[in-house]
Amino acid sequence: MTTTLADWLDTQAVDPNLASVVASMAAASAEIAQVLREAPIAGQTGLAGQTNVQGEAQKALDVISNDIVLNHLRRNAEVAILVSEELDEPVHLENQGLYLVATDPLDGSSNLDVNVTVGTIFSVLDAGKGLLQQGKAQLAAGYAAYGPATSLVLTFGQGVAVFTLDAQGTFVLTLDKVEVAPSSGEYAINTARERFWDAATKAYVAENVAGETGDAGKRYNMRWVGSMVADIHRILQRGGIFLYPLDSETVSKGGRLRLLYEANPMAMIVTAAGGAATTGREDILDLVPTAIHQRVPVILGSVEEVARVEAWYRRG
Ligand code: FDP
């Protein structure tokens with residue numbers, strides 16, 4: 001018997017209004033999936049300022065995705081505020097809802113032109129508690145991965161479920177209670193940045209490269225899609241670690257990835273699945289944001305791998 005997203009949401013011990021916010025993000029994701037599927041035919045390359053075959057100006061796909069999310073959330077009276085990677089300022093919606101949604105409507109967009117998996121990431125918070133809340137205050141988090149299949153990954157903090165979009169546009173439960181394997185032989189990092197890395201990152205990666213001949217004592221493989229949703233989706237299902245650490249080039253900005261709508265929701269999901277998420281020195285979910293578009297270092301995945309990285313940071 002199939003369990004749809006609606007069936008699953010009915011069984012969750014959460015406020016039905018909160019469940020409806022998650023359902024709105026799921027509906028937005030299904031619409032974005034449809035747009036992405038046909039984007040090359042429509043001449044939508046993902047880049048701003050392009051024209052389609054009719055010579056019409058095209059909006060960038062990340063702007064279109066943002067508009068889709070905004071439209072879905074406007075129709076849901078439970079959402080009061082939207083924070084989006086695409087919008088400099090938060091949007092105060094005209095309804096009196098209790099919830100705030102923070103989202104990266106289309107993450108990994110540099111991969112769009114080559115038909116590699118991209119995604120929508122989101123976090124749901126209590127709007128009454130302000131814009132700058134710790135990740136541990138999140139009420140729900142999720143992402144959609146637009147790959148060979150469209151997957152939707154959700155958590156309310158206890159357990160992580162994965163849904164797959166069927167041909168009728170319904171999300172069907174395909175994996176329940178996902179657990180991140182505690183150890184793994186795979187790591188994901190942009191090694192082209194090695195010259196900018198700090199000592200801890202260099203030491204951890206050097207151990208992995210040495211494999212069974214070094215202190216790690218086992219062989220490692222490197223996997224880097226360069227699209228955070230795709231890399232995290234792999235780690236969620238077969239373990240591993242994702243690192244976008246602070247490095248000498250990103251230090252002035254605080255890191256590469258955004259706290260409110262990339263690091264926090266992914267940290268909530270990975271932690272709910274039994275993994276761990278850190279900056280190297282602090283649990284991501286404990287960080288107190290100082291700005292809505294703040295960037296932070298992100299290291300997350302299998303607990304034993306994250307612990308090895310943290311141990312290097314304690315030494316350095
Ligand atoms: P993108 O710029 O394509 O949106 O969110 C930023 C992000 O992608 C992540 O999805 C991805 O992990 C990272 O940037 C890739 O960074 P590199 O350019 O260093 O590979």
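Numbering of ligands and ligand atoms starts at 1, following listing order. Quick note: residue numbers are just sequence positions, from 1. All figures in this text were calculated on a predicted structure; none of them were measured in a lab.
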Answer yes or no: is there a donor N or O on one side and an acceptor on the other, between the side chain of Q138 and the main chain of G135, under 3.5 Å?
yes
Those residues with a heavy-atom separation under 4.0 Å from ligand 1 are D107, G108, S109, S110, N190, W224, G226, S227, M228, F242, Y244, R256, L257, E262
Handout entry: Within 45° cone of Y313 ring axis and under 6.0 Å: R281 NZ or CZ
Key = no
Point to revise | Pair K202 + E194: basic N to acidic O under 4.0 Å | key: no
- [ ] Applying side chain to side chain donor-acceptor pair (under 3.5 Å), run through S65 and D62 and close with a yes or a no.
- [x] CA-CA 5 Å; S65 302; D62 36 19; over 6 Å; no
Q) More than 12 non-hydrogen atoms from neighbouring residues, nucleotides or ligands closer than 6.0 Å to NZ on K218, yes or no? A) yes
Exactly one candidate in I121, I284, L287, I269 meets side-chain contact (heavy atoms from CB on, under 4.5 Å) with N264; the answer is I284
